[in-house]
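Read through the structure below, which is laid out as structure tokens, and then see the notes.
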There are 2 protein chains.
Amino acid sequence: MDRTATAAPANDGPLAETIFRSLLKQIYDGRLAAGALLNEAALAEEYQVSRGPVREAIRRLQGFQLVTREPYLRARVVQLTPEFVRQLYEVRMALEGMACNLAAQRMSDAELRKIGDELEEYRTRAASSKSGARVKEKVFDFHERIVRGCGNERIVDMLCGDMYHMLRIYRKRSGAAPERKGQPSQEHWQILRALQARDGMLAESLMRAHIGKASELLLNTHAGGDTLASH
Amino acid sequence: MDRTATAAPANDGPLAETIFRSLLKQIYDGRLAAGALLNEAALAEEYQVSRGPVREAIRRLQGFQLVTREPYLRARVVQLTPEFVRQLYEVRMALEGMACNLAAQRMSDAELRKIGDELEEYRTRAASSKSGARVKEKVFDFHERIVRGCGNERIVDMLCGDMYHMLRIYRKRSGAAPERKGQPSQEHWQILRALQARDGMLAESLMRAHIGKASELLLNTHAGGDTLASH
DNA sequence: CTGGGCCAAAGTGTTGACACATTGCGGGCT
DNA sequence: AGCCCGCAATGTGTCAACACTTTGGCCCAG
């Protein structure tokens, strides 16, 4: 039953998959800076594989719009300009707002109650402990729970796929925007109440406003306006 | 200067690109039915190329979510079930609604006036001639004009890329839903007026309702509920 | 000194062969 | 007779070499 006894770093299935994940992670943590060039041959040598899997991984990144490329030119990691991030947030507001609206119609009372319990648990835990890192983690969980409850696989894929990935990259690069303390949590409660009241439009509006605030905060804090890559 | 003297069908650049477009077109017009299996070797022989480009084309289709595939299994053309299409329309309502909202803030008066002129021109032309085909073309133009005016490249790509593609496929397969005569045009006028009044929320609501009606009509007309492919 | 074109260097596109995973079928065991 | 195991058959994953395109630099003409 033991599938793979090797302790190699994440050798699950196709090499292209492994390389794809590796490149993705490298883009996340900045080892692959924005604007960096991806050389197929060099990467192939680095990973000790042929160019085929590398090529496929790069094409997948292109599909996720994380790298730009045209026919015979080299691929380069996309530049996450503030303008680009603003557009990303607009898409997120649209999709996650709709997800919220749908969730108000489709999530069960039990599911909603469970989310409420977890929010409560988080609040008490945050009051006693002072770990700021946990907060962010919990925030993401709240959003993801609602998105996954919307009953629309397409929306789930888009938001939990590339979208969150890219936003996370930007957030990390921009040096963890200053938290707005308990306010997000308060807004989460409002959203949850709207969901429990089955008021889809209200829930959508609240979610949009919630995301909009996060967006403004993120974009304004380092409104210097440079591309985050030109250093 | 004559790049390629061959009269072959659309040999522009990379083979993978050519094959990708060919497969896309074949999925459109139904030569590749939903649920059909894509065999890399067979396609390679058919196109007289190696498996590399074929493989790449299939992966791109996978990126567009037009084929489903997992690591070692064969790729198959996606099944456009009514449920799937419903979800697609929900995404479209979210994104195109947001696009409409943004367009209300960002499109110039001149652009909006031009769209109004074209709508007017279409109305008079439709009143005299009875070509129903022109109508649909014009409808799409209206939607696309607004989307492209929203100032958000991400939204434009998503909607005018795979989204419209898939919906067009479904519409074609389902046998051109019965037109609801002049009503769409009337709703277009309402949307345009909201845009000119710079009322983003209203424009968004109208656009959502407009798309929602089209969705219901499409899904109800052949509510038989089968997958469109199981014949 | 400047501009244009040739040429090598770098990198992507494509190929055919080989290795591995999955599947369906047939034979042997219970 | 029914079930499980193993084995070919099918098809995907990977590789290393070759062909084509682009790019940057060098040389030469003006």
Side-chain angles (χ1 to χ4, degrees), chain A residues 1-6 8-24 26 32-33 35-78, chain B residues 1-6 8-24 26 32-33 35-78:
Chain A
M1 188 61 78
D2 58 329
R3 300 180 52 83
T4 50
T6 61
N11 66 340
D12 33 13
L15 287 179
E17 177 72 17
T18 304
I19 295 172
F20 170 73
R21 292 190 192 176
S22 173
L23 290 177
L24 197 63
Q26 288 195 13
L32 275 175
L37 280 70
L38 296 177
N39 185 324
E40 292 181 3
L43 288 173
E45 173 134 7
E46 180 177 340
Y47 284 98
Q48 297 284 9
V49 297
S50 170
R51 272 180 49 213
V54 173
R55 191 182 172 80
E56 199 166 313
I58 291 179
R59 293 318 224 287
R60 264 177 81 179
L61 288 175
Q62 185 188 3
F64 277 43
Q65 311 240 5
L66 280 171
V67 307
T68 60
R69 209 186 60 79
E70 31 197 334
Y72 283 87
L73 290 104
R74 329 203 235 305
R76 63 174 60 235
V77 179
V78 73
Chain B
M1 187 62 80
D2 57 330
R3 301 177 51 82
T4 50
T6 61
N11 63 343
D12 34 9
L15 287 179
E17 177 72 17
T18 305
I19 295 172
F20 170 73
R21 292 191 192 176
S22 173
L23 290 178
L24 197 63
Q26 288 194 14
L32 275 175
L37 287 96
L38 296 177
N39 185 322
E40 293 180 2
L43 287 173
E45 172 134 7
E46 182 178 339
Y47 284 100
Q48 296 285 6
V49 297
S50 171
R51 270 181 49 211
V54 172
R55 191 180 171 80
E56 201 166 314
I58 292 178
R59 293 317 221 288
R60 263 177 82 179
L61 289 175
Q62 184 189 5
F64 277 42
Q65 312 240 4
L66 280 171
V67 307
T68 61
R69 208 186 62 78
E70 31 197 336
Y72 284 88
L73 277 53
R74 325 202 242 298
R76 63 174 59 235
V77 180
V78 74

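Naming convention: chains lettered A, B, ... in sequence-line order (proteins, then strands); numbering from 1 in each chain.
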Per nearest nucleotide of DNA chain D, the residue lying toward the 5' end, Leu73(A) or Ala75(B), is Ala75(B)

Has [X] got a side-chain N or O lying under 4.0 Å from the OP1 or OP2 atom of [N]?
{"X": "Arg69(A)", "N": "dG13(C)", "result": "yes"}
{"X": "Arg59(A)", "N": "dT12(C)", "result": "no"}
{"X": "Arg74(B)", "N": "dG13(D)", "result": "no"}
{"X": "Arg55(B)", "N": "dT12(D)", "result": "no"}

Checklist entry - Base, sugar-phosphate, or nothing for Leu38(A), non-hydrogen atoms under 4.0 angstrom? => result sugar-phosphate

Counting the atoms with a prime plus P, OP1 and OP2 as sugar-phosphate, which does Gly52(B) contact under 4.0 Å by heavy atoms, base, sugar-phosphate, or nothing? base

Measure from [atom1] on [X] to [atom2] on [N] and round the result to the nearest Å.
{"X": "Glu56(A)", "N": "dT14(C)", "atom1": "CD", "atom2": "P", "result": "15 Å"}
{"X": "Ile19(A)", "N": "dT14(D)", "atom1": "CD1", "atom2": "P", "result": "8 Å"}
{"X": "Tyr47(B)", "N": "dG16(C)", "atom1": "OH", "atom2": "P", "result": "18 Å"}
{"X": "Ile58(A)", "N": "dG11(C)", "atom1": "CD1", "atom2": "P", "result": "12 Å"}

- request: Test for a donor-acceptor pair under 3.5 Å between the base of dG11(C) and the side chain of Arg51(A), counting only N and O atoms.
  value: no

*Determine, for Glu56(A) against Arg60(A), whether the closest basic-nitrogen to carboxylate-oxygen distance falls under 4.0 angstrom.*
no

Among the nucleotides dT15(C), dG13(D), dC15(D), whichever has the atom closest to the side chain of Tyr72(B) is dG13(D)

From the candidates dA16(D), dT15(C), dG13(C), the one with an atom nearest any side-chain atom of Ser50(A) is dA16(D)

